2 protein chains.
Amino acid sequence: MLNGEECDMSGWDMNNCPVRDVIDRIAGKWSTLILEALAQRPYRFSELRRMVPDISQRMLTQTLRDLQRDGYIDRQVFPTKPPSVEYRMTELGHSLFAPLSRVLAWAADNHPAVKAARARYDESELA
Amino acid sequence: MLNGEECDMSGWDMNNCPVRDVIDRIAGKWSTLILEALAQRPYRFSELRRMVPDISQRMLTQTLRDLQRDGYIDRQVFPTKPPSVEYRMTELGHSLFAPLSRVLAWAADNHPAVKAARARYDESELA
DNA sequence: CAGCATCCCGAGGGATACTG
DNA sequence: CAGTATCCCTCGGGATGCTG
């Protein structure tokens, strides 16, 4: 990575860079929020909806499918009536979330610094 | 984060969640590539272009501006002729790249596992 | 309850041409 | 060399309505 091994810009064409292939998925608008929730414990569809109130059920479904497809979460259907579905983070998902949560924590911690940098930049721009 | 402190889904409305505010920027298509390059050493505009061959100069300029605005990189102009500009990662940028590079490394390491998961999913889908 | 189908919009981003 | 300026188009994602 750092030495240009995995996704060397000069070697890969963008469309099949393995790092991008993975990153693009978790870079979606809702992925990290869902992962954050399921990192704690399994949740049902309606529970997740309540936890991420601004998400549409369309995007919740789609994001869950994408995360499931990439192997980060499992979907288990209980054939009750009415049906109930539980989503649970897989081992792969947890192993991803370990480093990912560090970045999220960094973002939370350094948000003030970033906001300050933006203010400084915008200030110097209004020439 | 994990305990719902920083970006508690039930508390924040999406549009001013501090974590998203930071993450959305570095989740852009080219940001990580540029950060990866500048984490190693400073580079000039044309050098970066060569390192990320698929980027348009429009997006290179724009991504550099965004990263600069958020305080991750510095821009230094040398008034030579023709002009030369050097981009250099700041301390804030390096402190971000530390955890970020872990995620990128994870992505590189686990790309096969993710591809396998996708294959399994797609297989089971073509009912 | 947990979806799927449809319509629709705006932002992100590509291609091309021009400049200090 | 290091940009800026336009045009254009894809596609992520919102809103709404319907189903097993």
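This is a predicted model, so every value here is computed, not measured. Below, chain A is the first sequence line, B the second, and so on; all start at residue 1.
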I want to check one thing: is the phosphate of [N], taken as OP1 and OP2, less than 4.0 Å away from some side-chain N or O of [X]?
X       : N      : value
B/Lys81 : C/dG20 : no
B/Tyr87 : D/dC1  : no
B/Arg49 : D/dC1  : no
A/Arg50 : C/dC1  : no

Between atom [atom1] in [X] and atom [atom2] in [N], what is the gap in whole Å?
X       : N      : atom1 : atom2 : answer
B/Phe78 : D/dA2  : CZ    : C1'   : 14 Å
A/Leu48 : C/dA2  : CG    : P     : 9 Å
B/Leu60 : C/dT16 : CG    : P     : 18 Å
A/Asp66 : D/dG12 : CG    : C1'   : 11 Å
B/Asp24 : D/dG12 : CG    : C1'   : 13 Å
A/Leu33 : D/dG12 : CG    : C1'   : 16 Å
A/Ile55 : D/dT16 : CD1   : C1'   : 17 Å
A/Met59 : C/dC4  : CE    : P     : 13 Å

Q.
Main chain of B/Leu60, side chain of B/Thr63: is a donor-acceptor contact present, judged purely on distance under 3.5 Å?
A. no

(Q) Under a 3.5 Å distance rule, please check whether A/Ser84 uses its side chain to pair with a backbone N or O of A/Phe78 as donor and acceptor. (A) no

Would you indicate which nucleotide in [options] comes nearest to any side-chain atom of [X]?
X       : options               : result
A/Arg75 : C/dG13, C/dG3, D/dG14 : C/dG3
A/Pro82 : C/dC1, C/dT16, C/dC4  : C/dC1
A/Ser46 : D/dC1, D/dG13, C/dA2  : C/dA2

Q.
For a quick test of reading the model, state the closest non-hydrogen atom pair linking A/Lys115 to B/Asp21 and the distance between them.
A. CG-OD2, 4.5 Å

Q | Nearest heavy atoms of B/Arg25 and B/Ser31, plus distance in Å | A | O-OG, 3.1 Å

Q: Ignoring hydrogens and angles, answer whether the base of C/dG13 and the side-chain atoms of B/Gln57 contain a donor-acceptor pair closer than 3.5 Å.
A: no

(Q) Is it the case that the base of D/dT16 and the side chain of A/Arg58 share a donor-acceptor contact (distance under 3.5 Å, atom types as modelled)? (A) no

Q: Walk me through it: do B/Arg20 and A/Asp54 pass the test salt bridge (charged side-chain N to carboxylate O under 4.0 Å, His left out)?
A: CA-CA 13 Å; B/Arg20 295 212 58 77; A/Asp54 287 354; over 6 Å; no

